[in-house]
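Index from 1, following the sequence. The figures that follow rest on heavy atoms only: side chains count, while hydrogens, waters and symmetry mates do not. Because the structure is predicted, anything quoted here is derived from the model rather than measured. Order of listing sets the numbers, starting from 1, for every ligand and every atom in it.
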Amino acid sequence: MALVEKRMREILRCPPPLQAIAEYILSLGGKRIRPLLVLLCSGIYPGSQAARIDIAAAAELIHTASLLHDDVVDAASLRRGRPSVNRRWGNSTSVLAGDFLFARAFSLLCTYPQALDAMAEAVAAMSEGELLQLHSHFNPDITPETYVRSIIGKTASLLAACCQCGGLVSAMPAAKIPALRDFGLHLGIAYQIIDDISDYALGHDESGKPRGNDLKHGIITLPLMHLLANPRSRGRVLELLRQKRQLAPEMLAGELRETGALAKSARAASRYIQQALGKLAVFPDTQQVRALKNLAAWLQEKCDRFSQDSGPPQHPGQPAEHPGAQPRLR
Ligand code: FPP
Ligand code: MG
């Protein structure tokens with residue numbers, strides 16, 4: 001991971017004023033999950049160290065570029081606990097800095113045609129997912145299938161591509177690569193559901209982002225879909241959405257508690273994590289595969305925390321509590 005960090009700094013070397021912005025972006029840090037996935041997945045079987053580092057760095061640069069654009073789309077003012085680039089330098093700078101990172105990432109990928117192809121596909125899916133979400137703002141009729149399709153696009157597709165590229169640049173038997181990609185895909189869906197729950201449940205001191213940003217902008221995520229599916233809360237939520245007022249999670253605190261919307265969403269995420277883990281069964285028990293399992297366990301801990309959120313307990317025979325849509329790759 002230290003080598004990936006070094007590679008990102010090398011590749012982002014540029015003249016002012018971009019240099020200061022690039023420095024700022026790198027200093028914000030982040031969980032670096034995407035490069036970690038590339039490194040772990042490319043380490044299960046032997047392969048070139050330089051390729052792994054380049055692709056891991058490119059993955060993080062693509063992710064960061066997407067966040068620079070996303071913060072403009074979402075009018076977000078905080079990123080990783082610090083003022084977002086759009087807040088510090090304005091929307092235009094954030095978009096252009098995103099373009100720069102994006103171009104640098106693809107220069108890195110040019111040496112690895114298969115990875116280049118997989119990453120380009122992921123970026124297309126990210127844009128589609130983000131657009132789908134944008135066009136569903138304040139729409140109470142958004143279906144669970146559309147929600148899952150949107151999060152597969154905007155988040156899970158890149159995690160899936162990171163895992164796939166890891167396999168592609170190593171000596172992994174080709175027949176095993178789809179399983180690795182599916183691991184990333186399911187993990188990515190769970191990851192985004194947890195992020196969507198966090199928007200309701202965590203303050204900025206814990207998440208590094210302002211609480212309630214999705215709701216404020218009418219982005220209808222899984223917790224709100226659970227409220228809309230509940231006959232007792234649906235009317236009030238519909239009314240609030242119709243008014244297009246600036247909604248805040250506190251305004252829905254009662255409904256969130258009574259319906260157990262956060263816990264139900266966490267259990268949905270948990271099912272995706274279990275599916276992800278199932279995909280690892282075809283791999284040898286290496287240090288890297290164990291680390292991938294640990295990554296899934298770390299996400300599971302987050303789910304467990306939110307699953308303890310009040311709300312009615314689950315009874316056998318109760319109707320399915322989540323979209324039930326099976327993720328499909330295009
Ligand atoms: C964050 O979601 C945003 C994404 C996961 C993807 C954004 C994708 C694009 C802008 C299109 C692709 C563009 C490029 C340059 C690759 P969120 O808003 O739910 O998460 P947040 O709370 O962290 O902002
Ligand atoms: Mg956002």
Side-chain angles (χ1 to χ4, degrees), residues 25 28-34 37 57-87 91 93-109 116 118-137 142 147-162 184-185 187-204 206-225 249 265 269 302:
I25 292 164
L28 293 180
K31 293 182 280 294
R32 305 289 197 243
I33 286 174
R34 291 148 191 90
L37 283 174
E60 186 63 16
L61 294 178
I62 292 172
H63 168 59
T64 311
S66 80
L67 294 183
L68 287 169
H69 287 188
D70 177 72
D71 283 345
V72 172
V73 174
D74 291 350
S77 56
L78 278 181
R79 175 61 65 187
R80 296 166 178 166
R82 307 258 300 276
S84 56
V85 169
N86 49 311
R87 180 162 146 209
N91 281 350
T93 298
S94 196
V95 170
L96 294 169
D99 293 342
F100 176 76
L101 262 59
F102 188 62
R104 285 286 186 259
F106 275 84
S107 318
L108 273 179
L109 289 169
L116 174 69
M119 286 295 182
E121 275 299 311
V123 173
M126 288 164 79
S127 312
E128 278 182 58
E130 189 83 344
L131 263 172
L132 191 59
Q133 175 180 284
L134 192 64
H135 287 258
S136 309
H137 280 190
I142 175 178
Y147 167 75
V148 173
R149 202 147 61 85
S150 154
I151 67 173
I152 285 179
K154 75 173 197 173
T155 303
S157 60
L158 185 57
L159 271 72
C162 288
L185 183 81
L187 198 76
I189 299 171
Y191 187 79
Q192 187 59 49
I193 295 176
I194 293 167
D195 190 71
D196 292 342
I197 301 170
S198 306
D199 193 70
Y200 283 87
L202 304 184
H204 111 260
E206 269 192 277
S207 71
K209 298 183 274 196
R211 184 163 172 239
N213 210 50
D214 289 344
L215 193 58
K216 187 169 144 192
H217 292 97
I219 302 171
I220 300 177
T221 57
L222 196 54
L224 196 63
M225 294 176 88
S265 306
K302 290 180 183 288

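Taken to the nearest 0.5 Å, the CG atom of L159 stands 9.0 Å off from the NE2 atom of H63.
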Do any nitrogen or oxygen atoms of ligand 1 lie under 3.5 Å from a protein nitrogen or oxygen, and which ones?
| unit_1 | atom_1 | unit_2 | atom_2 | d |
| --- | --- | --- | --- | --- |
| ligand 1 | 2 (O) | K154 | NZ | 3.4 |
| ligand 1 | 18 (O) | D70 | OD1 | 3.4 |
| ligand 1 | 18 (O) | D70 | OD2 | 3.0 |
| ligand 1 | 18 (O) | D74 | OD2 | 2.7 |
| ligand 1 | 19 (O) | K154 | NZ | 2.6 |
| ligand 1 | 19 (O) | Q192 | NE2 | 3.2 |
| ligand 1 | 22 (O) | K209 | NZ | 3.1 |
| ligand 1 | 23 (O) | R79 | NH1 | 2.8 |
| ligand 1 | 23 (O) | R79 | NH2 | 3.4 |
| ligand 1 | 23 (O) | K209 | NZ | 2.8 |
| ligand 1 | 24 (O) | D70 | OD2 | 2.9 |
| ligand 1 | 24 (O) | R79 | NH2 | 2.8 |

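Heavy-atom minimum distance, R211 versus Y200: NE-O, 2.9 Å. The minimum heavy-atom distance between A76 and N213, with the atom names listed, is CB-ND2, 3.9 Å. Taking both residues in full, the closest heavy atoms of R80 and G29 are given as NH1-O, 2.6 Å, listed atom of the first, atom of the second, then distance. When every heavy atom of K154 is checked against every heavy atom of E130, the shortest pair comes out as CD-OE1, 3.7 Å.
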* To do: Take D74 and R79, measure what salt bridge (Lys or Arg N to Asp or Glu O under 4.0 Å) needs, and give me the verdict at the end.
  => CA-CA 12 Å; D74 291 350; R79 175 61 65 187; 5.9 Å; no
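With sequence neighbours left out, the side chain to side chain contact (heavy atoms under 4.5 Å, CB included) criterion links V72 to N86, N91, S94, V95. Among residues two or more places apart in sequence or in another chain, the side chain to side chain contact (heavy atoms under 4.5 Å, CB included) test is passed with F106 by I62, F102, L109, L116, M119, A120, V123.
Distances under 2.8 Å from the Mg ion (ligand 2) pick out the protein N/O/S atoms D70 OD2, D74 OD2.
Between L28 and T64 there is no side-chain heavy-atom pair separated by less than 4.5 Å.
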